[in-house]
Engineer: 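A single structure is presented below for examination.
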Amino acid sequence: MYNFIVTGGCGFIGSHFIELILSRGYSVLNIDKMTYVSWDNIGYENHKNYDFWKQDICNISNLPKSDYLVNFAAESFVDNSIGNSEIFFRSNVQGVHNLLEHIRMKAKFDRPVFVQISTDEVYGDTADGKFTEKDILRPSNPYSATKAAAEKFLIAYNRTYGIDYITTRCSNNYGTRQYPEKLIPKTIESALNNRKMTIHGDGTYIRSWIHVKDHCEAILKLIENKHYNNVYNICSCKEYSNLEVVNMIYKAMDIEPNLDFVENRWGQDLRYAISTNKILNTISWKPQYTLKENLHEIINFYKENNETDS
Ligand SMILES: NC(=O)c1ccc[n+]([C@@H]2O[C@H](COP(=O)([O-])OP(=O)(O)OC[C@H]3O[C@@H](n4cnc5c(N)ncnc54)[C@H](O)[C@@H]3O)[C@@H](O)[C@H]2O)c1
């Protein structure tokens, strides 16, 4: 019996969530199939309350008893989904379906609450204003379409089988252990290795950034306060263009920007923006970190973990 089953806990956000719940005294089983983004030596591997299964969520044939299942497992890189979305459909939709099927087979009192870590990208983009949880989902790329599809399965399994869930839709995260295909670590690694940083289009696309620890704290508070069968937007709502973020990193590293403007991403979202009124009115939570103040922590992490090109 575990307090938590966490899937995808060897990835960026899942690993920070596991750190948080272990520090609060919870027990956890981490199920991760270890894709190219995963970390295998995070530091809590020998913790007495930690167990690990190396497994694909699509192939799981039994789920041990737990109070909560928090699903971070997903293919998460939009550019890859534009090239070939098959594995995205499998992990992000069929994987969720398989987990839900195992939960529905259990007796009602034995079922964990399903916490689905979704994304603000399910709304698509907007030139002005902010999406609320009541807005319809208009995903722009295959990745966000799979995340939207997974959300719909949760709603259907709640209505049909009575499975409890929480869905969170968070904005872009920053922090340590993010795979360097994503904007912030990719810029840092490009600068460290004297490579040009590629920028899609003219780099004016707006994203809203949140520290991974603020995101994890919000998830845990929603769980601990038992706000089930609801969807919550999460962000710190500080907006930057991609170019602003990249320039901020070069400045913090005291290196001249070295940029390569390349063809825009197909289906590029112009601006993500979500309202957080619902979560702010539901739990006592507010973001503690800012990107500017925490860039050095992230830069230092990638300096220590830098694999040079040579
Ligand atoms: N990174 C962000 O800014 C962000 C923002 C909002 C939402 N999200 C969502 O949060 C979740 C975690 O994102 P992340 O950035 O940590 O992702 P990540 O790519 O860093 O990590 C994903 C983890 O899931 C595992 N995984 C993938 N497919 C699996 C499968 N079929 N079975 C078992 N494990 C599998 C991988 O091995 C990896 O360890 C994702 O669902 C993503 O959609 C991410």
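When a ligand or atom number is given, it counts from 1 through the structure's own listing order. Computation of the quantities below employed the complete heavy-atom set of this structure, encompassing side-chain atoms and omitting hydrogens, waters and symmetry-equivalent molecules.
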Engineer: Are Lys65 and Asp110 within salt-bridge range, i.e. N to O under 4.0 Å?
Structural biologist: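 Salt bridge: yes.
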Engineer: If you measure from atom 37 (O) of ligand 1 to every heavy atom of Asp40, Ile31, Asp32, which option wins on shortest distance?
Structural biologist: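 Closest candidate by heavy-atom distance is Asp32.
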Engineer: Counting non-hydrogen protein atoms only, what is the nearest one to atom 28 (N) of ligand 1? Give residue, atom name and distance.
Structural biologist: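 Heavy-atom neighbour on the protein nearest atom 28 (N) of ligand 1: Ser91 OG, 3.5 Å.
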Engineer: Say whether Gly9 and ligand 1 are in contact under the criterion: heavy-atom distance to a ligand atom below 4.0 Å.
Structural biologist: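 Judged by the 4.0 Å heavy-atom criterion, Gly9 does not count as contacting ligand 1.
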Engineer: At under 4.0 Å between heavy atoms, which part of Asp56 makes contact with ligand 1: side chain, backbone, both or neither?
Structural biologist: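 Within the 4.0 Å criterion, Asp56 contacts ligand 1 through backbone and side-chain atoms alike.
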Engineer: Just to check, does Arg90 reach to within less than 4.0 Å of ligand 1 when the distance is taken from its heavy atoms?
Structural biologist: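 False for this residue.
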Engineer: Salt bridge (Lys or Arg N to Asp or Glu O under 4.0 Å) for Asp56 and Lys33? Distances and angles first, verdict last.
Structural biologist: CA-CA 5 Å; Asp56 187 327; Lys33 82 169 184 184; 3.8 Å; yes
Engineer: To check your reading of the model: name the closest protein heavy atom to atom 22 (C) of ligand 1, its residue, and the distance in Å.
Structural biologist: Ala74 O, 3.5 Å
Engineer: Consider ligand 1: state whether an atom of it lies below 4.0 angstrom from any non-hydrogen atom of Ser171.
Structural biologist: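 Ser171 counts as a contact of ligand 1 under the 4.0 Å cut-off.
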Engineer: Test of understanding: with ring pair (Phe, Tyr, Trp, His ring centres under 6.0 Å), list the residues that count as partners of Tyr157, not counting sequence neighbours.
Structural biologist: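 Scan of Tyr157 (ring pair (Phe, Tyr, Trp, His ring centres under 6.0 Å), adjacent residues dropped) gives Tyr161.
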Engineer: To the nearest 0.5 angstrom, please state how far the CD1 atom of Ile283 sits from the CG atom of Leu222.
Structural biologist: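 Separation between the atoms: 4.0 Å.
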Engineer: Out of Thr168, Thr35, Ile210, Ile117, whose heavy atom sits nearest atom 9 (C) of ligand 1?
Structural biologist: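 Looking at heavy atoms only, Ile117 sits closest to atom 9 (C) of ligand 1.
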Engineer: If you measure from each heavy atom of Cys170 to ligand 1, is any distance below 4.0 Å?
Structural biologist: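 Yes; Cys170 lies near enough to ligand 1 that a heavy-atom distance drops under 4.0 Å.
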Engineer: CZ of Arg104: more than 12 outside heavy atoms within 6.0 angstrom?
Structural biologist: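 Atom CZ in Arg104 is packed in, count exceeds 12.
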Engineer: Which is closest to atom 19 (O) of ligand 1 in terms of heavy atoms, Ala73, Cys58, Ser76?
Structural biologist: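 Closest candidate by heavy-atom distance is Ser76.
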Engineer: With heavy atoms only and a cut-off of under 4.0 Å, state how Glu121 meets ligand 1: side chain, backbone, both or neither.
Structural biologist: neither
Engineer: Looking only at heavy atoms, is any part of Lys147 under 4.0 Å from ligand 1, and if so is it the side chain, the backbone, or both, or is it neither?
Structural biologist: side chain
Engineer: Applying the 4.5 Å side-chain criterion to the ILVMFWY set and letting contacts propagate, would Trp39 and Phe72 be lumped into a single cluster?
Structural biologist: yes
Engineer: Out of Phe114, Tyr68, Tyr50, which one pairs with Phe4 under the ring-ring contact (aromatic ring centres under 6.0 Å, His included) rule?
Structural biologist: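 It is Tyr68; the other options fail the test.
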Engineer: Using a 4.0 Å heavy-atom cut-off, which part of Tyr143 comes near ligand 1: side chain, backbone, both, or neither?
Structural biologist: side chain
Engineer: Hey, is Tyr179 one of the residues with a heavy atom under 4.0 angstrom from ligand 1?
Structural biologist: no
